[in-house]
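To start, the structure under review is shown below, and the notes come after it.
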Amino acid sequence: MSNVEIALEEISRGVAEIIDMERIEKLVKRFYETGESYTVKAGFDPTGADLHLGHTVLMQKLKVFQKHGARVQLLVGDFTATIGDPTGKSETRKVLDRETILKNAQTYQEQVFIILDREKTDIVFNSTWLEKLGASGLISLTTTYNVARMLERDDFEKRYRAGQSISISEFIYPLLQGYDSVELKSDIEVGGTDQKFNLLMGRHLQRVYSVGKEQAVLMMPILEGLDGVQKMSKSLNNYIGITEEPKEIYGKVLSISDELMWRYYELLSDKSLSEIEQLKTDVANGDLHPKKAKENLALELTARFYNEESATMAKREFDNVFKSNQLPTDIPEFEMESDIWICKALVDAKLEPSTSQARRDIKQGGVRLNQEKVADEKMNLSLGEYILQVGKRKFAKVKVK
RNA sequence: GGUGGGUUACUCAAGUGGCCAACGAGGGCGGACUGUAAAUCCGCUGACUACGUCUUCGAAGGUUCGAAUCCUUCACCCACCA
């Protein structure tokens with residue numbers, strides 16, 4: 001296979017939809033012939049700073065582009081964030097102040113460059129040009145589109161039909177986002193499938209403003225969260241953050257259902273599609289245990305954000321605690337006064353939120369003292385060192401003085 | 001601006017004077033089982049050294065022996081009309 005063919009195959013992997021593939025082909029081909037680079041735009045919303053695996057689906061794709069000659073334009077939507085974007089639900093999003101936005105952007109960069117190549121990335125803020133746009137510029141921007149077409153957008157249409165309110169500002173957001181592509185003269189824009197309308201707006205506006213090119217659009221599927229149903233997001237608490245501890249990442253990946261595992265393989269793993277097919281077949285006819293497949297995935301993803309050793313350590317730790325019922329290595333320690341009531345000790349060691357909850361868990365046989373089930377919720381701890389455990393995962397070492 | 005409806009625990013959502021610490025579902029937590037923190041089944045899910053006490057149903061007052069439930073004012077949200 002030629003360089004170009006390999007590149008195009010890697011670029012197409014796992015995508016939900018590509019608009020104007022010919023253009024991408026041309027750009028990649030030109031790069032391999034003349035060394036001339038091209039630009040790939042990706043926007044991010046500086047409201048929440050911490051990245052999770054869902055974001056990395058896009059990042060991985062951008063990395064592939066960088067490998068094949070692209071400069072990535074990482075667009076920080078600082079202007080839109082200062083106004084407050086009501087997109088989606090009826091609840092208006094919080095308006096962020098400048099300082100928070102910059103801080104979020106900073107955290108974001110640190111995390112992004114775990115994956116992306118810093119040398120091939122430009123960070124741009126859309127306030128740079130949107131602030132200058134002014135009322136007249138904004139109004140002339142709005143003349144490029146009409147209400148009927150705006151209402152074609154899926155969520156607008158649904159809400160309009162259902163008689164729910166749509167704010168005028170919501171009509172402006174896609175326009176502003178598209179206008180960013182005009183200013184950046186992007187060759188390609190990458191985003192999630194939920195962004196389709198906005199991504200296409202970039203094409204439309206580049207044509208209207210005679211940029212001389214229309215960006216190709218590449219859409220990635222939305223990654224499901226740990227529950228396997230809803231999209232991965234922080235607010236649903238079904239995410240794996242890329243800055244989480246290795247053992248957390250490892251454990252969380254291992255906790256996904258067998259079915260979801262294949263989805264994660266497809267969208268997150270570096271394994272080739274044919275390798276993944278092979279794994280599936282092996283599992284299907286019993287040559288490979290599904291747990292083994294899941295462990296490998298967990299190892300791969302943990303190693304991506306740390307390294308091989310950390311991943312192996314995480315696995316060993318996990319196996320010790322859950323398979324052999326051994327103690328984890330890093331148990332938090334606490335010191336307490338003598339004769340402390342066990343329920344109080346559990347709360348002080350942050351294993352339980354209240355003594356009421358502690359009593360309930362003891363009653364249900366969920367609390368262990370030095371590996372032995374605690375039967376009496378009224379017991380006190382006298383002098384000595386103890387290992388307290390709630391459930392399978394929460395541990396604390398307690399020194400009673 | 002007018003009219004009507006709403007605001008209940010982490011979320012959704014019952015309850016319209018005492019049987020309400022408040023049905024149900026989801027989530028969460030614990031247990032059993034297993035190959036894992038998967039799946040399935042069962043239990044728990046306001047606080048408090050606790051079969052009793054205390055604080056909760058948008059906020060503040062009031063009626064009553066007794067209020068999430070009735071009344072008044074305020075705040076916020078939604079729908080219809082203008």
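Proteins get letters first, then strands, A, B, ... in listed order; numbering begins at 1 in each.
Salt bridge present: A:Arg304 and A:Glu300 bring a charged side-chain N and a carboxylate O closer than 4.0 Å. A salt bridge is defined here as a Lys NZ or Arg NE, NH1 or NH2 lying under 4.0 Å from an Asp or Glu carboxylate O, and A:Arg13 with A:Glu9 fails to meet this definition.
Residue-nucleotide stacking is present for A:Trp341 and B:U49, judged by a side-chain ring centre under 5.5 Å from the six-membered base ring centre and planes under 30° apart.
Judged purely by distance below 3.5 Å, without hydrogens or angles, the side chains of A:Gln66 and A:Asp117 never pair a donor atom with an acceptor atom. A donor and an acceptor atom, one from each side chain of A:Arg360 and A:Gln357, are located under 3.5 Å apart.
Residue-level contact check: A:Ser354 touches the backbone only, with heavy atoms under 4.0 Å from sugar-phosphate atoms and none from bases. Note on A:Lys344: nothing from the nucleic acid sits closer than 4.0 angstrom, heavy atoms only.
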Give the intermediate values and the outcome of side chain to side chain contact (heavy atoms under 4.5 Å, CB included) for residues A:Tyr209 and A:Glu183.
-> CA-CA 10 Å; A:Tyr209 281 82; A:Glu183 284 288 335; over 6 Å; no
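Residues satisfying the side chain to side chain donor-acceptor pair (under 3.5 Å) test with A:Thr39, not counting sequence neighbours, are A:Asp187.
Each of A:His289 and A:Pro353 lies near RNA chain B, and the nucleotide nearest A:His289 is the one positioned closer to the 5' end.
Taking atom P on both B:C29 and B:G2, the two are 49 Å apart, rounded to the nearest angstrom. Distance check on atom P: B:U8 versus B:G58 gives 6 Å, rounded to whole Å.
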Quick one: what's the B/S/- string for nucleotides 21-27 of chain B, heavy-atom cutoff under 4.0 Å, read 5' to 3'?
-> -------
How does protein contact run along nucleotides 39-45 of chain B, one letter per nucleotide 5' to 3', with B for base contact, S for sugar-phosphate only, - for none, heavy atoms under 4.0 Å?
-> ----BSS
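When the shell of 6.0 Å around CD of A:Glu337 is examined, it contains 12 or fewer heavy atoms from other residues, nucleotides or ligands.
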